[in-house]
A.B. asks: 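Dropping the structure in here first, questions after.
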Amino acid sequence: MSDIKNQQQSLQKLINIVGKQHVLTDDGDTRLYRQGRRYGSGEVFAVVAPGSLVEQWKVLQIAVEADFIVIMQAANTGLTGGSTPFGEYDRPVLLLSTRRLAGIQVIQEGKQVVCLPGATLDALEKELATYNREPHSVIGSSCIGASVLGGVCNNSGGALVRRGPAYTELALYARVNDDGKLELINHLGIHLGDTPEEILENLQHQKYAPTDVKQEEHRCASDQHYSHDVRQVDEDTPARFNADPTRLFEASGSAGKVCVFAVRLDTFEKIPSQVFYVGTNSHDDLTEIRRFLLKDLPNVPIAGEYIHRVAYDIGAEYGKDTFMFIEKFGTAKVPAAFAMKDKVDGHLQKFGLRGLSDKILQLVTKFLPSHLPKRMNEFRDLYEHHLVLRIENQDVEQVEQFFEDYFKQHTTGSFFLCDADEGRKAFLHRFAVAGAAIRYRDTHLSEVEDIVALDIALRRNDRQWVETLPKEMDEKILHKLYYGHFLCHVFHQDYIVKKGVDPLAMEHEMWKLLDDRRAEYPAEHNVGHLYVAKPALKTHYQKLDPTNSFNVGIGHTSKLKNWK
């Protein structure tokens, strides 16, 4: 009884801090926060959404005092359940949503930004447009409202080859130390005051002068080595992966094991570019193209995305509404659309009508005209493997000449230089592919057990990057979707598994195959509750969170207090 009484007292304290409407306890109200985008779900004591950084600090104080587990959640766009509860816990779970804490502060004449917990990549991209600059990521997760801090905490991104995954050594965060005390650590490189409340108040309202912003020569605000690393195409190791100890630093790669209040990041000059579309029936062609682009081209390409024909087809049919929604309304409206659909799905599921909204959307989009450019669809009919490349304008002529010479000798493929509309749609289609497997599953519930989604980094010198599965595994799969960031050899492999097959057992079999290939996984979606945290990652978590108070159990680590 005393535990229940203490919990109710804590709940009232939380309400007093943020207001009753921002403390959610009803299952229907918390559903959107308790379920991962693709994987993971569980129960929570409450979802709390503070409206200021000081409120967030006070909520943390209550949580630590009450011995709650805290799960930090920004946009909840992750694919491995890393920001949602999962299974049973030894303490009540407080899910702290930062969605109300949007804020982007441009500093250093636009060369850097300070982002608060609720800042999205989409908003950051728009903010920087007036400076003719860009954030570290401008495709993919930016389309679904992903947060900037979520990307940093999970080393996400890397589609843009010159910039690499999200990374900074400049952050303001709170942690529970070895003594079980909550402490605020200011490593932003900005003088904001002395007490936590003063620091957070001054930061939220940008009450600091340019002279308070220090040049931190020993700390960087982006990955300084990635462009070099990805060029090393003869190295027998992957270019990047979540457990790489060289990219784990305080908030970077923290995966919610601390509470991050702000990060300071570099921005990048917007470079005029054009898009090439390549198709081939030989994966060796793409290997040679990759080696040329990374070894012989003076400047590393801006982006290079791979799509297999099956992924192209599934994306064209089951990602069509996402594609057309973004075309019509822009990326800023996508999170609200997802939230509305989730609410509708929650009501339908109560009546045993799971998947109905997806079926209706599919029926509607089926009668809409084709949304993909004619030349792309022609290449789909001709070629199995597709590569979309964004090349800096000054290198376009050299790349075009290479393609012309190469495909005169190798008749297995071809290419074309996209116009602006084709180039934009090619990259948007690549994004739409990423969510298409989920839609396929939800419209074929009688045939599909689930999706096995792998996120892998192959060795940079691996020429056999096309997977061949054993026959007994292949027979358990309806469709295999292969797509990814080709130049750095990071692939997303989605397997739509037949009804009656154990997807978890299949995934573990897949891991064995990847181990044999000396691949690293996960590459950029982080471990969440799906993958096992490798030693470097587990050590990073334990160092950040010695009492195991934040986001416990991720990476199949201990869920018990003090890591028992």
A.B. asks: Within the supplied structure, the quantity of interest is the number of heavy atoms (other residues, nucleotides, ligands) at a distance under 6.0 Å from H228 NE2; does it exceed 12?
C.D. replies: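 Counting neighbours around NE2 of H228, 12 or fewer heavy atoms of other residues, nucleotides or ligands fall under 6.0 Å, so no.
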A.B. asks: Hey, can you pull the donor-acceptor pairs under 3.5 Å for the side chains in residues 265-273, sequence neighbours left out?
C.D. replies:
unit_1 : atom_1 : unit_2 : atom_2 : d
D266   : OD1    : Q112   : NE2    : 2.9
D266   : OD2    : S222   : OG     : 2.7
T267   : OG1    : G110   : O      : 2.5
T267   : OG1    : K111   : O      : 3.2
T267   : OG1    : R133   : NE     : 2.6
S273   : OG     : R390   : NH1    : 3.1

A.B. asks: Measure the CD1-CG distance between I107 and L188 for me, rounded to the nearest 0.5 Å.
C.D. replies: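 One gets 8.0 Å once the value is rounded to the nearest 0.5 Å.
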A.B. asks: Would E327 and H371 count as having a side-chain donor-acceptor pair, cut-off 3.5 Å?
C.D. replies: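 Checked: E327/H371 side chains show no N/O donor-acceptor pair below 3.5 Å.
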A.B. asks: Is there side-chain contact between Q398 and F292, with at least one heavy-atom pair below 4.5 Å?
C.D. replies: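 A side-chain contact exists here, since the closest heavy-atom pair is under 4.5 Å.
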A.B. asks: Do the ring planes of H489 and W465 sit parallel (below 30°), tilted (30 to 60°) or perpendicular (above 60°)?
C.D. replies: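 Ring orientation, 0 to 90° scale: tilted.
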A.B. asks: Hey, are the side chains of Q464 and R517 touching, using non-hydrogen atoms and a 4.5 Å cut-off?
C.D. replies: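 No; the side chains remain at least 4.5 Å from each other.
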A.B. asks: Check this for me, if you would: do R162 and E392 make a salt bridge, where the nitrogen-to-carboxylate-oxygen distance has to be below 4.0 angstrom?
C.D. replies: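 Answer for the salt bridge query: yes.
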A.B. asks: Please determine whether side-chain contact (heavy atoms from CB on, under 4.5 Å) holds for the pair T80 and V527, giving the CA-CA distance in whole Å, both sets of side-chain angles, and the decisive distance to 0.1 Å.
C.D. replies: CA-CA 7 Å; T80 60; V527 289; over 6 Å; no
A.B. asks: Salt-bridged, K498 to E449, with N to O below 4.0 Å?
C.D. replies: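 Not counted as a salt bridge, because no side-chain N and carboxylate O are separated by less than 4.0 Å.
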A.B. asks: For Y531 and L537: C-alpha separation, side-chain torsions, deciding distance, then whether side-chain contact (heavy atoms from CB on, under 4.5 Å) applies.
C.D. replies: CA-CA 11 Å; Y531 298 93; L537 207 52; over 6 Å; no
A.B. asks: Calculate, to the nearest 0.5 Å, the distance between atoms CD and OG belonging to E125 and S137 respectively.
C.D. replies: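 E125 atom CD to S137 atom OG measures 8.5 Å (nearest 0.5 Å).
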A.B. asks: Is the shortest side-chain heavy-atom distance between L428 and I326 below 4.5 Å?
C.D. replies: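 The answer is yes, as the side chains (C-beta and beyond) meet within the 4.5 Å cut-off.
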A.B. asks: Between Q224 and Y226, do the side chains contain a donor N or O and an acceptor N or O under 3.5 Å apart?
C.D. replies: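 There is no such pair between these side chains.
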A.B. asks: Do the side-chain N and O atoms of T237 and R460 include a donor-acceptor pair separated by under 3.5 angstrom?
C.D. replies: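 Note: T237 and R460 side chains meet the donor-acceptor criterion.
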A.B. asks: Would you find more than 12 non-hydrogen atoms of other residues, nucleotides or ligands less than 6.0 Å from E397 atom CD?
C.D. replies: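 Open: at most 12 neighbouring heavy atoms sit under 6.0 Å from CD of E397.
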A.B. asks: List the residues meeting side-chain contact (heavy atoms from CB on, under 4.5 Å) with H308, not counting sequence neighbours, and say none if there are none.
C.D. replies: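 If we apply the side-chain contact (heavy atoms from CB on, under 4.5 Å) test to H308, skipping adjacent residues, the hits are Y306, V310, E384, H385, Y482.
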A.B. asks: Rounded to the nearest 0.5 Å, what separation is found between the NE2 atom of H556 and the NE2 atom of H529?
C.D. replies: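 It comes to 9.0 Å.
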A.B. asks: To the closest 0.5 Å, what do you measure between CD1 (I554) and CG (N526)?
C.D. replies: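 So the CD1 of I554 and the CG of N526 are separated by 6.5 Å.
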A.B. asks: Just verifying a value: how many Å separate E509 CD and L504 CG, rounded to the nearest 0.5 Å?
C.D. replies: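 Atom-to-atom, E509:CD and L504:CG are 11.0 Å apart.
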A.B. asks: What is the minimum heavy-atom distance between D494 and A453, and which atoms define it?
C.D. replies: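 So the minimum-distance heavy-atom pair works out to OD1-CB, 3.5 Å.
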A.B. asks: Quick check: does any side chain N or O of E169 sit under 3.5 Å from a backbone N or O of A251, one acting as donor and the other as acceptor?
C.D. replies: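 Judged by distance alone, no pair lies under 3.5 Å.
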A.B. asks: Whether the H479 and Y440 side chains hold a donor-acceptor pair (N or O, under 3.5 Å, no angle test) is what I'd like checked.
C.D. replies: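 Side-chain D/A pair, H479 to Y440: present.
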A.B. asks: Does the side chain of F486 reach to within under 4.5 Å of the side chain of I289, using non-hydrogen atoms?
C.D. replies: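 A side-chain contact under 4.5 Å is absent here.
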A.B. asks: The test is ring-ring contact (aromatic ring centres under 6.0 Å, His included); show your working for Y483 and H429 and say whether it passes.
C.D. replies: CA-CA 11 Å; Y483 55 99; H429 178 54; over 10 Å; no
A.B. asks: How far apart are the C-alpha atoms of D313 and R309, what are their side-chain angles, what is the distance that settles it, and do they pass the side-chain contact (heavy atoms from CB on, under 4.5 Å) test?
C.D. replies: CA-CA 6 Å; D313 289 346; R309 179 189 273 155; 4.1 Å; yes
A.B. asks: Which value, rounded to the nearest 0.5 Å, describes the distance between R291 atom CZ and L487 atom CG?
C.D. replies: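 Going from CZ on R291 over to CG on L487, the span is 13.0 Å.
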A.B. asks: Going by atom types only, do D236 and N461 share a side-chain donor-acceptor pair under 3.5 Å?
C.D. replies: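 On atom types as modelled, these side chains qualify, holding a pair under 3.5 Å.
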A.B. asks: Apply salt bridge (Lys or Arg N to Asp or Glu O under 4.0 Å) to the pair R439 and D442, showing each step before the final yes or no.
C.D. replies: CA-CA 5 Å; R439 169 60 59 76; D442 292 342; over 6 Å; no
A.B. asks: For L294 versus P301, what's the shortest heavy-atom pair and its separation?
C.D. replies: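 Scanning both residues completely, I find the closest heavy atoms to be CD2-CD, 4.3 Å.
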A.B. asks: Which atom pair, heavy atoms only, marks the closest approach of G164 to H136?
C.D. replies: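 Heavy atoms of G164 and H136 come nearest at O-CD2, 4.4 Å.
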A.B. asks: State whether a side-chain donor-acceptor pair under 3.5 Å links D515 with Y521.
C.D. replies: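 Looking only at side-chain atoms, Y521 and D515 do form a donor-acceptor pair, the distance falling under 3.5 Å.
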A.B. asks: Quick check on salt bridge (charged side-chain N to carboxylate O under 4.0 Å, His left out): which of K295, R459, R463 does D234 satisfy it with?
C.D. replies: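 Of the listed options, the one satisfying the test is K295.
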A.B. asks: Are E288 and H410 linked by a side-chain donor-acceptor pair shorter than 3.5 Å?
C.D. replies: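 Note: E288 and H410 side chains miss the donor-acceptor criterion.
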A.B. asks: Taking the cut-offs as 6.0 angstrom to the six-membered ring centre and 45 degrees off its axis, would you call K476 and Y495 a cation-pi pair?
C.D. replies: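 Negative - K476 is either too far from the ring of Y495 or too far off its axis.
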A.B. asks: Considering residues, nucleotides and ligands other than K425, do more than 12 of their heavy atoms fall under 6.0 Å from its NZ?
C.D. replies: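 Result for NZ/K425: enclosed.
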A.B. asks: Quick check, are the ring centers of F416 and F276 under 6.0 angstrom apart?
C.D. replies: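 No; F276 has its ring centre 6.0 Å or more from that of F416.
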A.B. asks: Hydrogens and angles aside, do D405 and Q409 bring a side-chain donor and acceptor to less than 3.5 Å of each other?
C.D. replies: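 No, no side-chain donor-acceptor contact under 3.5 Å.
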A.B. asks: If only atom types and distance count, is the side chain of D455 paired as donor or acceptor with the main-chain N or O of A523 below 3.5 Å?
C.D. replies: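 Here the side-chain-to-backbone pair exists.
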A.B. asks: Kindly give the heavy-atom pair with the smallest separation between L116 and A102, and that separation in Å.
C.D. replies: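 Closest heavy-atom pair between L116 and A102: CD1-O, 4.3 Å.
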A.B. asks: What I want to check is whether the side chains of D285 and Y406 have a donor and an acceptor closer together than 3.5 Å.
C.D. replies: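 Distance-only check passes for D285 and Y406.
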A.B. asks: Taking NZ, NE, NH1 and NH2 as the nitrogens, is one of them in E134 or R163 under 4.0 Å from a carboxylate oxygen of the other?
C.D. replies: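 A salt bridge is present here (some side-chain N lies under 4.0 Å from a carboxylate O).
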A.B. asks: Just checking, any donor-acceptor pair under 3.5 angstrom between side chains of T120 and D122?
C.D. replies: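 Looking only at side-chain atoms, D122 and T120 do not form any donor-acceptor pair under 3.5 Å.
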A.B. asks: Salt-bridge test for K480 and E467: reply yes if a basic N is under 4.0 Å from a carboxylate O, no otherwise.
C.D. replies: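 Answer for the salt bridge query: no.
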A.B. asks: Does L454 reach the side chain of W511, with side-chain heavy atoms less than 4.5 Å apart?
C.D. replies: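 L454 vs W511: side chains touch.
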A.B. asks: Under 4.0 Å between a side-chain nitrogen and a carboxylate oxygen: does that hold for D419 and R424?
C.D. replies: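 Salt bridge flag = no for R424 with D419.
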A.B. asks: Determine whether Y383 and H386 satisfy the following criterion, ring-ring contact (aromatic ring centres under 6.0 Å, His included), listing intermediate values before the conclusion.
C.D. replies: CA-CA 7 Å; Y383 304 115; H386 298 242; 7.2 Å; no
A.B. asks: When you look at S156 and N154, which way does the side-chain hydrogen bond (donor to acceptor under 3.5 Å, both in side chains) test go after all the steps?
C.D. replies: CA-CA 5 Å; S156 302; N154 291 292; 4.8 Å; no
A.B. asks: Quick check: do M506 and V497 have side-chain heavy atoms less than 4.5 Å from each other?
C.D. replies: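 With C-beta onward as the side chain, the pair touches.
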A.B. asks: Assess the residue pair Y167 and C220 against the criterion (side-chain contact (heavy atoms from CB on, under 4.5 Å)); give the C-alpha distance rounded to whole Å, side-chain angles, the decisive distance to 0.1 Å, and a yes or no.
C.D. replies: CA-CA 9 Å; Y167 180 81; C220 59; 3.8 Å; yes
A.B. asks: If I compare all heavy atoms of P117 with all of A74, which pair ends up nearest, and what's the gap?
C.D. replies: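 Looks like O-CB, 4.1 Å.
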A.B. asks: Checking side-chain polar atoms at under 3.5 Å, does D321 have a donor or acceptor matched by the opposite partner on T365?
C.D. replies: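 No, T365 and D321 have no side-chain donor paired with an acceptor closer than 3.5 Å.
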A.B. asks: Closest approach of P503 and D450, non-hydrogen atoms and distance?
C.D. replies: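 Closest heavy-atom pair between P503 and D450: CG-CB, 4.0 Å.
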A.B. asks: Return yes when atom CD of E472 has more than 12 non-hydrogen atoms of other residues, nucleotides or ligands closer than 6.0 Å, and no otherwise.
C.D. replies: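 More than 12 within 6.0 Å, yes.
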